[in-house]
> 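Structure incoming, see below.
Scope of the values below: all heavy atoms of this structure, side chains included, with no hydrogens, waters or symmetry mates. Residue numbering restarts at 1 for every chain, and letters A, B, ... go by the order of the sequence lines.
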There are 2 protein chains.
Amino acid sequence: MTTGHATPAEEACTDALPTAALSGPVSHAVSRVARLHRIAAGKALRGVDLYPGQELLMMHLWDRGAVRQTELIRALDLDPSTVTKMLQRLEQTGHVRRRPDPADRRAVLVEATDESCALHTAVEAAWGSLEEHTLAGLEPAERTELVRLLAKIEENLCREAEDCPDRR
Amino acid sequence: MTTGHATPAEEACTDALPTAALSGPVSHAVSRVARLHRIAAGKALRGVDLYPGQELLMMHLWDRGAVRQTELIRALDLDPSTVTKMLQRLEQTGHVRRRPDPADRRAVLVEATDESCALHTAVEAAWGSLEEHTLAGLEPAERTELVRLLAKIEENLCREAEDCPDRR
DNA sequence: AACTTTACCTTGGTCGGCCAATCAATGGGT
DNA sequence: ACCCATTGATTGGCCGACCAAGGTAAAGTT
């Protein structure tokens, strides 16, 4: 793929030679991989009544118990409004319960419902199988290298986003 | 990051130790990188009146001229309905023109408007600068390795998606 | 104590993106 | 010629995610 030659069979999953891929091969790849990954996650999660993205929120709740919404925002690194709406939907589907924080009358405490805990293992299994499938055919060394490189570009992107300056 | 130790300073951009990251480090990283990358793209594209995602569509049109919608769907590898809605918005903002295909009365031909072509260079510059920024600090060897690994996992994910079986 | 700033969350709007279902036109099979 | 399967595109509904703006409560200032 980095070399110029490509047999017709090999370019099955790729378009011919879009300038997007030439002008920004990594950006291009990241977009495509992310999209495919999200679709795969969606399929794996369909059986547990969760939509992709929600599983990370739930995992955090399962991990930490009752937390205030701000912590979710910080941990998931999402927009506050996004979390609000996700929680509204998760509450409606009975996965999550919200109650006012007695210590701070403007804050909200969030926790996973007991019923949702039944999904815990299923979700982790799905997440693990997704990971395994994503990395199929990669040797251990390649995997750690991939993680290292992804962490590097994440930090690059994070720096520009100026999300990091404050101690999040 | 794969090792257990992490100084307080180093985990600045990462949450403490979410099971999500342990249970699927690559999946986790892909999500985060993709999100940050999209935000960065959004910032870079804000000056050109385009939203992230639209630039790829426009680049394809600039490349290939008038194409039918099916080709966009295939090339961008998106859901048909997604493309339809994107085109409706792009048409409304004057970046794109649509007309019926004389050869096939159910198809639609899409092409970039002349005005949109003015953005061509700006978009490619933005895309290139985004790429450069994403890869800041990575040596050439690391970059090609990253591309190679991303391509590998893309193929893995693509295979499961069963989008590939037919000759796209 | 009164005022100002900051923190926590919500609402409204917009986009990209998916799925499921639908309609219209083409093309094959008999 | 007819019927049926396939292809091209659209609609409606939903979710994740963003931004901008607003409202309320806590903390900091004077």
Side-chain angles (χ1 to χ4, degrees), chain A residues 31-32 34-46 49-58 67-74 76-93 95 98-110 161 163 166-168, chain B residues 31-32 34-46 49-58 67-74 76-93 95 98-110 161 163 166-168:
Chain A
S31 309
R32 297 176 69 87
R35 180 184 147 273
L36 291 168
H37 185 268
R38 169 167 278 266
I39 290 179
K43 274 190 178 175
L45 260 42
R46 187 158 306 172
D49 190 33
L50 282 178
Y51 286 81
Q54 300 184 334
E55 84 278 20
L56 287 159
L57 197 159
M58 293 307 299
V67 298
R68 89 178 50 181
Q69 206 156 316
T70 301
E71 177 173 336
L72 284 175
I73 293 166
R74 190 180 50 66
L76 301 176
D77 195 33
L78 292 175
D79 190 88
S81 64
T82 300
V83 173
T84 293
K85 287 171 187 170
M86 283 175 77
L87 286 175
Q88 290 172 346
R89 285 157 188 154
L90 284 170
E91 191 172 24
Q92 205 156 17
T93 51
H95 294 302
R98 292 197 293 178
R99 69 180 133 91
D101 184 342
D104 188 337
R105 286 170 52 199
R106 71 205 146 148
V108 177
L109 285 182
V110 187
D163 278 330
D166 42 89
R167 59 102 169 74
R168 62 165 271 278
Chain B
S31 309
R32 299 176 67 88
R35 179 183 148 274
L36 291 168
H37 185 268
R38 170 168 276 268
I39 290 180
K43 276 190 179 175
L45 260 42
R46 187 157 307 172
D49 190 33
L50 282 179
Y51 287 81
Q54 299 184 334
E55 85 278 20
L56 287 158
L57 197 158
M58 293 308 299
V67 298
R68 88 177 51 180
Q69 205 156 316
T70 301
E71 178 174 336
L72 284 175
I73 292 166
R74 191 179 50 66
L76 301 176
D77 194 32
L78 292 174
D79 190 87
S81 63
T82 300
V83 173
T84 294
K85 288 171 187 169
M86 283 175 76
L87 287 175
Q88 290 171 345
R89 286 157 186 154
L90 284 170
E91 192 173 23
Q92 204 156 16
T93 51
H95 294 302
R98 293 197 294 178
R99 69 181 134 90
D101 184 344
D104 188 336
R105 286 171 52 198
R106 70 206 146 147
V108 177
L109 286 182
V110 187
D163 278 330
D166 41 271
R167 59 100 171 77
R168 57 167 273 278

> Please tell me if Q88(A) has a side-chain N or O lying less than 4.0 Å from either OP1 or OP2 of dT11(C).
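Answer yes for this pair, as a side-chain N or O of Q88(A) is under 4.0 Å from OP1 or OP2.
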> Please give, in whole Å, the distance from dG17(C) P to L56(B) CG?
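My rounded result for the distance is 8 Å.
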> Could you report the tightest heavy-atom contact between G53(A) and M86(A), atom names first, then the distance?
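Heavy-atom minimum between the residues: O-CE, 3.5 Å.
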> Which heavy atom in R38(A) sits nearest to a heavy atom in P52(A), and how many Å separate them?
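Looks like NH1-O, 3.5 Å.
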> Heavy atoms under 4.0 Å, any strand shown: does I73(A) hit a base, just sugar-phosphate, or nothing?
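Touches nothing.
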> Report the distance from atom CG of L45(A) to atom P of dC19(C), rounded to the nearest whole Å.
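About 14 Å, once rounded to whole Å.
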> Hey, which sits more toward the 5' end of DNA chain D by its nearest nucleotide, V83(B) or T93(A)?
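Per heavy-atom nearest nucleotide, the more 5' residue is V83(B).
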> Using atom CE of M58(B) as one end and atom P of dG16(C) as the other, report the distance to the nearest whole Å.
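After rounding, the reported distance stands at 12 Å.
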> Could you please name the option among dC19(C), dA7(C), dC9(C) that lies closest to any side-chain atom of V108(A)?
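Selected nucleotide: dC9(C).
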> Once you round it to whole Å, what is the distance between P of dG17(C) and OH of Y51(B)?
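Value for this atom pair: 14 Å.
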> Base, sugar-phosphate, or nothing: which does T70(A) touch, judged by heavy atoms less than 4.0 Å apart?
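Sugar-phosphate, no base atom in range.
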> With no hydrogens and no angle check, is any side-chain donor or acceptor of R35(A) less than 3.5 Å from a backbone partner on D77(B)?
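Yes, R35(A) side chain to D77(B) backbone: donor-acceptor pair under 3.5 Å.
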> Are T82(B) and dC18(C) close enough that a side-chain N or O sits under 4.0 Å from OP1 or OP2?
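Yes.
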> Give the rounded distance in Å between these two atoms: CG of L76(A) and P of dC9(C).
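Going from L76(A) (CG) to dC9(C) (P), I get 13 Å.
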> Select base, sugar-phosphate, or nothing to describe what D104(A) touches, counting heavy atoms under 4.0 Å on all strands.
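Sugar-phosphate: the residue D104(A), judged by heavy atoms under 4.0 Å, touches backbone atoms but no base.
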> If you measure from CG on L72(B) to CG on L56(B), what distance do you get to the nearest 0.5 Å?
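If we round to the nearest 0.5 Å, L72(B):CG and L56(B):CG are 11.0 Å apart.
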> Is any N or O donor-acceptor pair between the side chain of S81(B) and the base of dC19(C) shorter than 3.5 Å?
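Flag set: donor-acceptor pair detected.
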> Phosphate oxygens OP1/OP2 of dT10(C): is one of them under 4.0 Å from a side-chain N or O of R98(A)?
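Affirmative; the distance criterion is met.
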> Round to a whole Å and report the spacing from CG of L50(B) to P of dC15(C).
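For the pair L50(B) CG and dC15(C) P, the rounded distance is 12 Å.
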> With respect to the phosphate group of dT22(C), does any side-chain polar atom (N or O) of R106(B) fall under 4.0 Å of OP1 or OP2?
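For dT22(C), OP1/OP2 do not have a side-chain N/O of R106(B) under 4.0 Å.
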> According to side-chain hydrogen bond (donor to acceptor under 3.5 Å, both in side chains), who are the partners of R106(A), at least two apart in sequence or on a separate chain?
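So R106(A) forms a side-chain hydrogen bond (donor to acceptor under 3.5 Å, both in side chains) with D104(A).
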> Map A103(B) and P80(B) onto DNA chain C by nearest heavy atom, then report which one ends up closer to the 5' terminus.
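Nearer the 5' end of the strand: P80(B).
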> Over how many whole Å does the gap from K85(B) atom NZ to dC19(C) atom P extend?
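Checked: the NZ to P distance equals 12 Å.
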> Shoot me the first and last contacting nucleotide of DNA chain D against chain B, ordered 5' to 3', at under 4.0 angstrom to non-hydrogen atoms.
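Listing 5' to 3', DNA chain D meets chain B from dT7(D) to dC18(D).
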> Separation of R105(A) atom CZ from dA7(C) atom C1', in whole Å?
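Answer to the nearest Å: 15 Å.
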> For a quick test of reading the model, state the closest non-hydrogen atom pair linking P102(A) to L109(A) and the distance between them.
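Taking every non-hydrogen atom into account, CD-CD1, 4.3 Å.
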